[in-house]
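These notes concern the structure reproduced below.
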Amino acid sequence: MKTWIASHPRSTPRSCACARPPAVDTWAPISIGRMRVRFAPSPTGVLHIGGARTALYNWLLAHRHGGAFVLRIEDTDRERSTPENVEQILDALRWLELDWDEGPLSQAERAPAHTAAIEQLLSAGHAYEDEGAVRLRVPDDGETVIQDLIRGEIATPNQAIQDFVVRRSDGSALYNLAVAVDDRDMGITHVVRGEDHISNTPRQVMILRALGEEPPVYAHLPLLHGPDGKKLSKRHGAASVQELRASGYLPEAVRNYIALLGWGYDESTTFFTTDELIDRFDLSRVSKNPAVFDEQKLRWMNGRYLRGLPVEELKSRLERLTGRELPTEAVEISQDKMQTLADFWPLAGFLVERRDFDDRAWSKVMRDGAAERLRAAREALEQADAFDVETVEQALRGVVERFDAKPKDVFQPVRVAIAGTTVSPGIFESVAALGRQETLARIDSALLKASGG
RNA sequence: GGGGGCGUGGUCUAGCGGUUUAUGACACCGGCCUUUCACGCCGGGGAUCGCGGGUUCGAAUCCCGUCGCCCCUACCA
């Protein structure tokens, strides 16, 4: 019994999909009936951005064409398929907000259907037993042609394909048979998956034909590689959806970024809302060559999304990530300086809790009379009429003038005193956000340290 | 070995036989802004389109060959 199947309720229904006019371009040949696509990961670990992109493209297609997005878990390899792995995948999809209309279905639970199909193949003479296993009869000549929406026609000589096993001697079905039968039974009209499945496709088509069915339409997506040009794997940093979340990326930014990994709308548009993606995504514009995941570009894009968020929204996302309550001003004055949510704490955590002085920052800044200027800054801040950004600025600039110093000779010591480091949001904003009492206390402690205390 | 797929600056891409001295973005370099780091703005370098032939008045765009990378060739998925 697979309890996880039942424990995850159907995702929230969408309202926009059906109102969208179905595009006819790519789908003309088989637009009879409603489009049904599927995402069929095998739960062998975390969901990679490659899998995430496949899921996104399928989801986009279903939304654009008013179709159904079905989630199927290919868990027939009992060794690798654990409930934890399945949960990881569902969790990743939920975070990405890629809701499915049906499923998750367990492929393993469809064993009876697989068995029935094998029986049918056997009795029709399309398959035969061999040492307890069952093999499909593959013609010796001719070729099997598949129509790929991205790559066009792909022909494989039947000669290159041996009579392959569809059922193990223990009675269980193998991958190609399970996929073909499940896609058929689920009424899948378009199979959109990774390029690594191109070579499997003729086998699945043969099984379908032997079963008396016409195959669905296929579209094989280019693979994703790491910066070293090799196939993407765990060693490539934030390559899993979970890691992306933990690193402080926004799901909408991740969606935008991965949509562009293998697809482009025109020569200059980079930012797409999800609705725009639904409107414009088109398999015929998907590229054929593998793409490399570039985290730097994702960081940049994420920063742009971050800056576009209302402060309250950014605040609640930060609170969700850090698990603690954050002052709104701290979020507000940090927004322009963050690229990921994870950047917040090192940048502005000092506004929430006091931290030690960083040695390098201290020795770099607290020299050549810095203590004297810091003491003057303290006086000025203590005597300021108010403590908002403007009055703080007036007070600190006054000190600069009095010492005939460069601005940074005053601001940096204050920064190190209150933040512990040389990096923080704007100094006036930071001081004002910290408040007079805490600012003075921290400067006092810095002055104490400076005098050898 | 056999079969299949792919090949435009470091990266993602635009380009679909002639308005291309090859598009935009990230990264990089320089400048501006300036209180650090960023953000933002401005400017710059960088691909002759894997390579070699062919077709054509003309090719990144069509054809052939070749090389490289990837996938399949499991009683894995």
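Convention: sequence-line order gives letters A, B, ...; per-chain numbering from 1. Nothing here was measured: the structure is a model prediction, and the numbers come from that model.
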Margin query: Around atom CG of A:Asp170, are there more than 12 heavy atoms from other residues, nucleotides or ligands closer than 6.0 Å?
Written below: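 Enclosed: over 12 neighbouring heavy atoms sit under 6.0 Å from CG of A:Asp170.
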
For [N] and [M], measure between their [atom1] atoms and round to the nearest Å.
N: B:rU36; M: B:rC69; atom1: C1'; value: 45 Å
N: B:rG44; M: B:rG1; atom1: P; value: 49 Å
N: B:rC63; M: B:rU55; atom1: C1'; value: 7 Å
N: B:rG40; M: B:rC51; atom1: C1'; value: 44 Å
N: B:rG10; M: B:rC49; atom1: P; value: 13 Å
N: B:rA60; M: B:rU21; atom1: C1'; value: 15 Å
N: B:rC76; M: B:rU13; atom1: C1'; value: 35 Å
N: B:rU11; M: B:rC64; atom1: C1'; value: 32 Å

Just checking, is any N or O donor in the side chain of [X] or [Y] under 3.5 Å from an acceptor N or O on the other one?
X: A:Ser445; Y: A:Arg354; answer: yes
X: A:Thr201; Y: A:Arg193; answer: yes
X: A:Gln296; Y: A:Arg299; answer: no

What nucleic acid atoms does [X] come within less than 4.0 Å of, heavy atoms only: base, sugar-phosphate, or nothing?
X: A:Ile427; value: base
X: A:Arg304; value: sugar-phosphate
X: A:Arg135; value: sugar-phosphate
X: A:Pro425; value: base

Check: Does a side-chain N or O from A:Thr156 land closer than 4.0 Å to OP1 or OP2 of B:rG4, or not?
Finding: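 For B:rG4, OP1/OP2 do not have a side-chain N/O of A:Thr156 under 4.0 Å.
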
Note to self: It should be established whether A:Asn200 places a side-chain nitrogen or oxygen under 4.0 Å from OP1 or OP2 of nucleotide B:rA77.
What the structure shows: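 For A:Asn200, the contact criterion (side-chain N or O under 4.0 Å from OP1 or OP2 of B:rA77) is not met.
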
Check: Pick from A:Tyr257, A:Phe271, A:Tyr305: which one makes a ring pair (Phe, Tyr, Trp, His ring centres under 6.0 Å) with A:Trp300?
Finding: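 Only match with A:Trp300 under ring pair (Phe, Tyr, Trp, His ring centres under 6.0 Å): A:Phe271.
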
Notebook entry, point to check: From B:rC12, B:rC71, B:rU35, pick the nucleotide closest to the side chain of A:Phe428?
Noted result: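 Of all the options, the side chain of A:Phe428 is nearest to B:rU35.
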
Check: Nearest to the side chain of A:Val165, which nucleotide is it out of B:rC75, B:rC6, B:rC72?
Finding: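 Nucleotide nearest to A:Val165's side chain: B:rC75.
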
Item checked: Counterpart base for B:rG68, defined by Watson-Crick or G-U wobble contacts under 3.5 Å ->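 For B:rG68, the partner nucleotide comes out as B:rC6, under the 3.5 Å rule.
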
